[in-house]
Number of protein chains: 2
Amino acid sequence: MAVLWHCQGVTETRTVGAVRQGSLRELNLAVVLRRIADTDRPPSRAEIAADTGLTRATVSAVVDDLIAGRLVTEADPAPRTGAGRPARGLLLGDTGPAGLGLEVNVDYLAACVVDLTGAVRHHEVRRIDLRPLSPADALTALVALARRARTVADDAGLGLAGAALAVPGLVDARGLVRLAPNLGWRDVDVPALLAGHPALTDPVDGVPPLVVENEANLAALGELHARPGGPQSFLHVSGEIGIGAGIVLDGALFRGSRGWSGELGHVPVDPGGPTCRCGARGCLETYAGQESVLAAAGLAGADLPADTAARRLADLACSGDPAALAALNAAGTALGVAVAGVVNLLDLDTVVLGGGYATLAPWLCPPVLAELDDRVLTSGWSPVTVRPAALGAESAAVGGAGSVVRRIIARPSGWLSRPQ
Amino acid sequence: MAVLWHCQGVTETRTVGAVRQGSLRELNLAVVLRRIADTDRPPSRAEIAADTGLTRATVSAVVDDLIAGRLVTEADPAPRTGAGRPARGLLLGDTGPAGLGLEVNVDYLAACVVDLTGAVRHHEVRRIDLRPLSPADALTALVALARRARTVADDAGLGLAGAALAVPGLVDARGLVRLAPNLGWRDVDVPALLAGHPALTDPVDGVPPLVVENEANLAALGELHARPGGPQSFLHVSGEIGIGAGIVLDGALFRGSRGWSGELGHVPVDPGGPTCRCGARGCLETYAGQESVLAAAGLAGADLPADTAARRLADLACSGDPAALAALNAAGTALGVAVAGVVNLLDLDTVVLGGGYATLAPWLCPPVLAELDDRVLTSGWSPVTVRPAALGAESAAVGGAGSVVRRIIARPSGWLSRPQ
DNA sequence: CCATTTAATTCAACCACTGAACAAATTGCG
DNA sequence: CGCAATTTGTTCAGTGGTTGAATTAAATGG
């Protein structure tokens with residue numbers, strides 16, 4: 001009897017590169033570690049073998065390597081189940097590698113350390129208006145936070161395996177900040193400016209690569225990180241002074257061909273609308289950007305830090321202020337129009353409101369949902385979920401640190417073969 | 001000396017599944033075959049070894065397998081270069097597997113056969129108005145084309161390794177056509193209806209899986225296929241009665257979480273615009289869909305087949321007809337607004353106009369480019385290219401057949417281990 | 001005609017997985 | 001309590017496939 005397949009066969013699976021002898025172990029280390037990471041209940045070696053199709057012998061050997069590298073530990077209490085020798089559960093180690101997350105934003109600096117289990121082991125935010133500072137001075141101030149984070153990691157026996165720096169702007173593949181309008185940065189070579197600071201360049205174990213990335217992108221990863229069992233594909237909208245979006249597909253960040261994806265703020269909402277500071281007319285930012293919403297709510301000219309502005313608006317809306325409510329409704333509608341376009345195009349089923357929008361979600365969600373309901377072609381089959389972000393301002397730093405950790409889980413051989 | 005890395009380190013590479021002993025050869029077959037496919041000049045074994053990092057011994061062994069499976073042949077004339085034993089160039093075989101591409105559209109059926117080299121070995125289009133036919137009758141008519149295609153493939157010594165069917169509508173993961181408005185189909189179970197037709201179910205070599213896919217998606221793959229050296233990430237817009245888009249990222253189709261990505265026609269262009277048949281207001285389709293453009297050009301009510309309509313409009317525009325020119329300009333502007341949103345979001349650098357838009361590209365490109373120039377934030381750094389599609393109406397069928405072939409190149413072990 | 005050069009193959013060694021047998025640790029039943 | 005049953009984890013010979021060096025093949029050039 002012939003059988004037809006109707007799987008998603010058009011998108012082929014892609015192999016990475018040449019597969020050498022040792023790649024076999026390298027790949028299986030990743031397979032087993034991912035299996036350990038992707039679960040609540042610590043799996044046994046036998047369970048992993050059954051799930052992955054590897055032999056128990058192979059799994060044992062691989063697990064030995066992972067334990068030796070402190071990526072995995074055995075759970076102390078054996079979970080009592082039935083007959084037979086009790087299984088020894090396997091857990092991600094919390095004394096092995098960790099990721100350093102850094103953030104430079106308009107009115108604060110942040111640093112955090114996330115271990116392999118995803119736990120935030122250290123977190124520091126320093127409120128400071130960065131706009132008057134030069135990029136070099138701003139980064140020097142950041143290095144102080146990074147140094148403290150490293151001390152904490154060292155004391156806890158953690159090895160920093162890498163760092164990710166979030167910047168509110170366009171970052172190219174080499175770490176150059178092409179444009180960060182709200183910081184007043186243009187063509188800032190962050191890696192070069194940081195090169196002199198040993199806290200970021202002379203690591204304990206091997207060389208920690210520093211990745212510079214757009215803040216909205218890392219914030220989206222932070223959301224992924226904060227909800228381990230949550231959806232693996234979603235749009236994360238960061239409502240700050242500008243509006244950025246991080247696109248997460250199958251648990252990975254989508255960066256576009258040059259890493260400049262996610263400029264949701266300049267998606268056209270009404271081609272004949274007001275002129276945006278980008279020069280075009282009717283961009284989403286002119287309707288739902290912080291300035292416009294504040295102005296519509298009667299708070300024009302109040303030069304508030306991003307999070308305070310959202311808080312103020314929320315307070316006004318709570319007290320029933322009509323201008324604030326109308327402003328939020330209009331912003332939500334515009335946001336809904338833009339997001340509807342995205343959802344029609346990318347077929348996502350979850351939208352996360354982050355940054356300042358998280359605070360304002362109670363008032364933004366209804367109009368956004370209403371527009372999605374009207375405008376998304378497939379909303380009849382499966383509705384789109386809109387919800388506030390799980391993390392607040394720390395999202396980008398946590399997401400950055402988490403991305404380092406996720407990279408280790410995806411390719412543990414790099415950590416295991418580090419120059420001890 | 002410490003070195004900083006600024007690579008795109010946030011998106012981790014993902015391993016597919018467990019790696020067994022035999023997977024090693026399986027993966028290297030793919031690596032070598034892809035290296036052979038991705039080049040103009042036939043590479044030698046030594047060259048492949050140097051490029052991939054594999055040993056010459058391994059490459060030889062792998063190539064032997066590929067030649068035995070007729071996936072690769074040795075080039076007859078040795079390209080004379082310098083001293084030393086001349087290299088034997090390796091080419092994709094043209095007597096091995098092939099892909100069958102099928103298409104059901106509003107006013108035609110199509111079938112084609114593409115071999116491993118990408119050559120279109122057979123192509124047939126049958127003009128027929130499908131709207132009055134039931135889905136079962138339409139598919140029966142299609143099977144006649146499929147059978148002829150199979151005969152041609154058999155006579156040429158090709159083995160059909162799979163088939164892809166393009167349908168102008170939403171297709172779910174199981175091959176169910178949820179909605180094809182212009183065909184009048186709803187919840188049509190294509191695989192079930194085809195199950196009785198041996199031409200598609202009883203293949204020569206093994207079982208050919210049939211993949212059902214949205215027409216715009218396969219048309220986008222057709223463009224990828226028609227330009228081997230071209231960009232690997234682009235947006236392909238299909239202007240038919242509706243407007244669909246196929247998103248190709250890194251040479252692979254992006255299908256969204258349920259395979260319903262690319263509904264560009266219902267991206268909002270002006271939230272207060274005319275009501276669309278989807279119920280929302282101001283969808284792109286109400287500005288740049290075939291009906292609206294024809295109406296604006298003074299051809300309302302002319303119930304023309306899709307390609308004739310575009311031809312008629314192009315003729316009018318050529319002759320300087322002011323209504324037609326104005327209609328095309330307005331459509332191009334609306335298209336530009338919608339596409340600008342996409343480009344801002346996904347950071348693509350190439351937009352391909354396909355379907356009826358290909359014919360109309362001379363008039364559509366200027367307004368589209370103008371909008372992109374104004375509205376794309378990064379257009380200052382790197383401009384967006386807009387160009388007509390390389391293939392015409394055959395695009396989807398060729399793209400479907402090509403996707404089968406690409407899948408074989410991505411995972412040749414499936415073909416090599418077929419039940420001979 | 002022979003040294004030189006590059007391509008491809010052969011072959012012993014080796015690495016990592018495989019499968020089966022075995023040891024370990026617990027439950028359950030008589 | 002003792003023993004069979006059960007499940008986990010390890011050991012070990014066997015094997016597939018890559019590795020690296022040596023060898024053969026096939027050309028150019030002086």
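Letters A, B, ... mirror the listed sequences (proteins, then strands); counts begin at 1.
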Sequence neighbours excluded, which residues qualify as salt bridge (Lys or Arg N to Asp or Glu O under 4.0 Å) partners of [X]?
X	result
B/Glu26	B/Arg411
A/Asp64	none
A/Arg25	A/Asp65

Atom pair CG/CD of B/Leu224 and B/Gln232 - distance to nearest 0.5 Å: 5.0 Å

Restricting to side-chain contact (heavy atoms from CB on, under 4.5 Å), what partner residues turn up for A/Arg227, sequence neighbours left out? A/Glu223, A/Arg387, A/Ala390

Pairing residues for A/Thr95 by the side-chain contact (heavy atoms from CB on, under 4.5 Å) criterion, not counting sequence neighbours: A/Arg70

Kindly say if [X] contacts the phosphate of [N], meaning a side-chain N or O under 4.0 Å from OP1 or OP2.
X	N	answer
B/Ser44	C/dA8	yes
B/Arg45	C/dT9	yes
B/Ser60	C/dT9	yes

Within the modelled atom types, does a donor on one side and an acceptor on the other bring the side chain of A/Arg85 and the base of D/dT8 under 3.5 Å apart? yes

Rounding to an integer number of Å, can you tell me how far [X] [atom1] sits from [N] [atom2]?
X	N	atom1	atom2	value
B/Asp65	C/dT9	CG	P	12 Å
A/Ile67	D/dG9	CD1	C1'	12 Å
B/Glu74	D/dA26	CD	P	12 Å
B/Asp64	D/dT18	CG	P	12 Å

Its contact letters, B for base, S for sugar-phosphate only and - for none at protein heavy atoms under 4.0 Å, make nucleotides 11-22 of chain C read ----BBBBB---

